[in-house]
Amino acid sequence: MTETMRVRFAPSPTGFLHVGGARTAIYNDLLARGADGVFILRIEDTDRERSDEAMTRQIREALAWLGVEWNEGPHLQSERLARHRERVEELAAAGHAYRAFETPEELEALRRAAEAEGEKFRYRESASPLSSEEVERRRSSGAPYVVRFRMPVESVAIDDMVRGLVDYPPDAMDDFVLLRSDGSPTYHLSVVVDDIDMGVTHVLRGEDHLPNTPKHIGLFRAFAAAEPRFGHLPLILGPDRKRLSKRTGATSVEEFRAQGILPQALYNFLALLGWNPGDEREVMTRAELIEAFTAERLNDSPAVFDAEKLSWMNAQYLSSLPLEEVLHHLEPFLEPAGLAGVDRERLAVAVDLHRSRPRTLVELAESVAPYFADGIEWNRETCARFLAEEGLADDLEELARRYATVEPFAKEPLEELLRAQAEELGQKAGYLIHPLRMALTGVKAGPPVFDVVEVAGRELATSRLAAFAAWLRAGV
RNA sequence: GUCCCCAUCGUCUAGCCAGGUCCAGGACUCCACCCUUUCAAGGUGGCAACACGGGUUCGAAUCCCGUUGGGGACACCA
């Protein structure tokens, strides 16, 4: 019986959920689900100033929308302060921690001095540490102090799930702070205490945490706790090959959501940004991803975020997902497109007809709007060729008259009728087809016209044809 | 600056650990054609890469060293 895998995703609630964080969450999701493990959500909100409840909710909603499932939490790190302090006391009692009285100014001076020597300043307990009497004396005199970890002076090797063996030399670490002078625990302490208490077995996080790992390992050992397996994911870069930032485009899950990206598409796309199944599949459901996922195939070089490919992926889902699902996700985009109270059954038909074209839900809503609008606008530029066609207005009016009585109002008879009329006129069918589409939708391209006419319905089709004919005449 | 990580088409990547089957495969983008009196979707084809220099080897995209380039981290922030 092997132990249950327990992973955690531990964002700090300092804003919207970043796609980098989202991807980390996705890989943890994949890892846990594939092993029948437990996914713990923990909010690292120890930096009180920058955190608030709204942001925490924001993160939960973004994860839920994305389809990442957590089994435990969210735990709030801020609610575990007492536990964190208690653990520092244990550390101190066992000789793994000590008080240090340097002021921030003194530390700054030491740092500058080291730098002047071309060295990197690392705080280590001085060769002649303060006697316990001296510590007591300073403390009772009210001098502020921090509690530092007595980091063993030895190299630390990390067997990283994605990078293999990574070595840190002894002087890469220092006696980092555990408790600030106001008594609050630092990040390093909190994470390790929480990971131990929550029984975390695998830590899969961003590469920016790699240099912290030897420190964390030092703490795990001091606590005599089992070390989890670590894995460090390369960062996501922007088109400028720099860390993804708002300057080069959308970066948060909620922005993509607002742009009309489907959660399935974002999940799939992010999962493929730094991992692949080893075969040539790309469009994969979460279930398929879970089935195929192994940490061994995680990439170790950073990836540039390609918004273009995300768009393509989104289009794939837009046209292949069950219609009901698309409709469900389209709901929030209805109102902005003026489709708020529209008949859902007709909407479903129109969406199904159009959904293989747009790349986003925003575009999908817009493309379907003409079926429900009172009237539409025609653009003189795009209609130039129709405007120049003499007699076209008359012919379209004739078409409208015939469409007013055709039975049934369905695409086959609709097409036959139009072709017959074109033949009478000695014209090709395209002569009527193109202006017909323009008349109904206001755009020059779209689904097959007769489908469009059928979905539009007799009343809308005939009246819009008449209105377009009138507009053409007025334009000439 | 110091420490750590990384390096295949413009981008995401397969191949690298177990060297030959790779004049390097797939996908996005772009182009052409097929389908379609439109536009998508779909299909077919095309353009496009092993960063550089040394080794090791009969043979290197694959192993080793170096260079260059990119990224990350160096707090009483997380």
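Below, chain A is the first sequence line, B the second, and so on; all start at residue 1.
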Would you mind telling me which of B:rC6, B:rA73, B:rC4 lies closest to the side-chain atoms of A:Arg163?
B:rC6
Looking at every strand, decide which applies to A:Pro448 at a 4.0 Å heavy-atom threshold: base, sugar-phosphate, or nothing.
base
Using a 4.0 Å heavy-atom cut-off across all strands, classify A:Ser356 as base, sugar-phosphate, or nothing.
base
Would you say the side chain of A:Thr186 and the base of B:rC76 hold a donor-acceptor pair, judged only by whether the two atoms sit under 3.5 Å apart?
no
B:rU68 to B:rA51 separation - C1' atoms, rounded to the nearest Å:
8 Å
I'd like to know if A:Glu125 pairs up with A:Arg150 as an ion pair, taking the criterion as any Lys NZ or Arg NE/NH1/NH2 lying under 4.0 Å from an Asp or Glu carboxylate oxygen.
yes
Flag if over 12 foreign heavy atoms under 6.0 Å of CZ, A:Arg60
no
Under 4.0 Å, counting only non-hydrogen atoms across every strand here, what does A:Asp306 touch: a base, just sugar-phosphate, or nothing?
base
Whole angstrom is fine here: how far is it from CG in A:Asn276 over to P in B:rU11?
17 Å
Salt bridge flag under 4.0 Å for residues A:Lys411 and A:Glu415:
no
If you pin A:Glu280 and A:Asp300 to their nearest nucleotides in RNA chain B, which one's is more 5'?
A:Asp300
What's the closest nucleotide to the A:Arg148 side chain, out of B:rA78, B:rC76, B:rU13?
B:rC76
Which is true for A:Ser319 with a 4.0 Å heavy-atom rule: it touches a base, it touches only sugar-phosphate, or it touches nothing?
nothing
Please work out whether the ring planes of A:Phe386 and A:Phe468 are parallel, tilted or perpendicular, with thresholds of 30° and 60°.
perpendicular
With no hydrogens and no angle check, just 3.5 Å: does a side-chain donor-acceptor pair link A:Gln77 and A:Asp194?
yes
Would you mind telling me which of B:rG1, B:rA78, B:rC3 lies closest to the side-chain atoms of A:Asn212?
B:rA78
Would you indicate what A:Arg437 reaches in the nucleic acid, counting non-hydrogen atoms under 4.0 angstrom: base, sugar-phosphate, or nothing?
base
On a plain distance test, is the side chain of A:Arg357 in donor-acceptor contact with the base of B:rC39 below 3.5 Å?
yes
Looking only at atom P, what distance separates B:rC34 and B:rA40, rounded to whole Å?
15 Å
